[in-house]
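Index from 1, following the sequence. Only heavy atoms go into these numbers, but all of them, side chains included; no hydrogens, no water, no symmetry mates.
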Amino acid sequence: VKVTIASTSGKKLGEPISHTISGLDFSSLYYVAIMAIDYSGNYSDLSPIKTVTTGDNASPQIEIMQEIEKPLKVHAHEEIQVQLSISDPDGHAISQNVVPGSAALSLSSTSEPSIWNLKFVGRDAEAGSYTARITATDEFGASTLLEFPYTILPNHAPVSLKKIDNVLFTKTGESLILKANEYFRDEDGERIKYSVKAN
């Protein structure tokens, strides 16, 4: 039998009171009755017994907050952030755990308590396919698992599109402008750095 006391201190005669009974088990049937006691220790009769069934413990929820391709593709030069919403329908305290799959992935909190950032840094892992596993667990043990597949793409060297022809200058002050994007391309979309050597 679980007994709790609801204080009437500060209440006027006939004024309603309310009381919360905590620490109950989930998905359980309880019988509830009320008895009043005065300051002299006199007890009233027991009220009619009510039955109450507690609800289930809902598992935490993990939601991806943006449209993404699956699996997520990350170039070797990219850093990509994906926001997750991690919350509990019952308002219970929750903890988060991530098995990243590779060194490219990390999970961090934001200024919003229920919003988390998944950060992918392509240069921090070898090219390949990986799966991150994010688990949210509430204080009573209910948990939810989100599997997040992603691929780190290989880094390709820039390729030459065509040969640069020999150039002959016949007088001082002559110049030539070459558009680099007509001669070189990087299939990963990475910014190309150029160096020039003249013989």
Side-chain angles (χ1 to χ4, degrees), residues 1-72 74 79-121 124-125 130-151:
V1 176
K2 181 179 180 67
V3 177
T4 64
I5 298 176
S7 174
T8 60
S9 176
K11 297 290 185 179
K12 296 178 181 179
L13 182 64
E15 186 177 351
I17 64 170
S18 62
H19 183 71
T20 300
I21 301 174
S22 59
L24 304 180
D25 293 329
F26 297 104
S27 307
S28 299
L29 175 64
Y30 286 89
Y31 299 89
V32 181
I34 300 172
M35 178 184 290
I37 180 174
D38 64 17
Y39 288 106
S40 299
N42 300 307
Y43 289 84
S44 72
D45 293 333
L46 195 66
S47 72
I49 296 175
K50 303 288 186 180
T51 58
V52 177
T53 301
T54 54
D56 298 334
N57 182 21
S59 297
Q61 296 177 343
I62 307 176
E63 297 179 3
I64 301 172
M65 299 184 64
Q66 60 207 74
E67 291 291 332
I68 60 170
E69 60 179 340
K70 293 184 180 180
L72 179 69
V74 184
E79 293 186 8
I80 296 177
Q81 290 198 42
V82 176
Q83 284 198 330
L84 300 178
S85 171
I86 304 178
S87 60
D88 189 87
D90 300 323
H92 298 152
I94 53 178
S95 60
Q96 300 79 23
N97 179 63
V98 59
V99 179
S102 80
L105 176 62
S106 61
L107 178 69
S108 60
S109 60
T110 69
S111 58
E112 294 290 332
S114 63
I115 306 301
W116 294 74
N117 275 334
L118 282 178
K119 184 177 182 181
F120 301 83
V121 181
D124 288 348
Y130 305 94
T131 299
R133 292 174 173 83
I134 300 100
T135 304
T137 306
D138 74 9
E139 58 188 302
F140 299 102
S143 64
T144 297
L145 170 66
L146 173 68
E147 293 191 332
F148 195 113
Y150 64 98
T151 300

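- The minimum heavy-atom distance linking Pro16 with Lys11 is given by the pair O-NZ, 3.9 Å.
- Summarising the geometry of Ala125 relative to Ala103, their closest heavy-atom pair is CB-N, 4.5 Å, with the distance given to 0.1 Å.
- Within 6.0 Å of CD1 in Ile34 there are 12 or fewer heavy atoms belonging to other residues, nucleotides or ligands.
- Between the side chain of Glu139 and the backbone N or O of Ala93, at least one donor-acceptor pair lies under 3.5 Å.
- With contacts defined as side-chain heavy-atom distances shorter than 4.5 Å, the pair Phe140/His92 qualifies.
- In plain terms, the two heavy atoms of Asp88 and Asp90 that are nearest each other are OD2-N, 2.9 Å.
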* Taking it one step at a time, do Leu105 and Leu118 satisfy side chain to side chain contact (heavy atoms under 4.5 Å, CB included)? -> CA-CA 7 Å; Leu105 176 62; Leu118 282 178; 3.7 Å; yes
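- Between Ile80 atom CD1 and Lys119 atom NZ the span is 12.0 Å, to the nearest 0.5 Å.
- Taking CD from Gln96 and OG from Ser143, the interatomic distance works out to 12.5 Å, rounded to the nearest 0.5 Å.
- Taking CD1 of Ile49 as the reference point, atom OH of Tyr30 lies at 16.0 Å (rounded to 0.5 Å).
- For the pair Ile64/Val82, a side-chain contact is recorded, criterion being any heavy-atom separation below 4.5 Å from C-beta on.
- Taking the side chain as every heavy atom from C-beta outward, Ile68 and Gln66 approach each other to under 4.5 Å.
- At least one donor-acceptor pair closer than 3.5 Å links the side chain of Thr110 to the backbone N or O of Glu112.
- The CD1 atom of Ile37 lies 3.5 Å from the OH atom of Tyr43; values are rounded to the nearest 0.5 Å.
- The shortest distance between side-chain heavy atoms of Ser85 and Ile115 falls below 4.5 Å.
- Within a 6.0 Å radius of CG in Asp38, more than 12 heavy atoms belonging to other residues, nucleotides or ligands are found.
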* Asked: After noting the C-alpha distance and the side-chain angles of Gln61 and Ile86, does the key distance pass the side chain to side chain contact (heavy atoms under 4.5 Å, CB included) rule?
  -> CA-CA 6 Å; Gln61 296 177 343; Ile86 304 178; over 6 Å; no
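- Considering CE of Met35 and CG of Leu46, their distance stands at 5.0 Å, rounded to 0.5 Å.
- Outside the 6.0 Å centre-distance limit, the rings of Phe148 and Tyr130 are not counted as a close aromatic pair.
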* **Step-by-step side chain to side chain contact (heavy atoms under 4.5 Å, CB included) determination, Thr144 to Thr137** => CA-CA 7 Å; Thr144 297; Thr137 306; over 6 Å; no
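- Proximity of a side-chain donor or acceptor of Ser28 to a complementary backbone N or O of Phe26 within less than 3.5 Å is detected.
- Closest approach of Ala136 and Pro60 over heavy atoms only: O-CG, 3.6 Å.
- Within a 6.0 Å radius of CD1 in Ile5, no more than 12 heavy atoms belonging to other residues, nucleotides or ligands are found.
- When only modelled atom types and interatomic distance are considered, Tyr150 and Thr131 share no side-chain donor-acceptor pair under 3.5 Å.
- A distance of 7.5 Å separates CD1 of Ile62 from CG of Leu84, quoted to the nearest 0.5 Å.
- Side chain of Asp138 to main chain of Ile94: no donor-acceptor pair is present (N/O by atom type, distance under 3.5 Å, no hydrogens or angles).
- Under the 3.5 Å distance criterion, with hydrogens and angles disregarded, a donor-acceptor pair is assigned to the side chains of Ser27 and Asp56.
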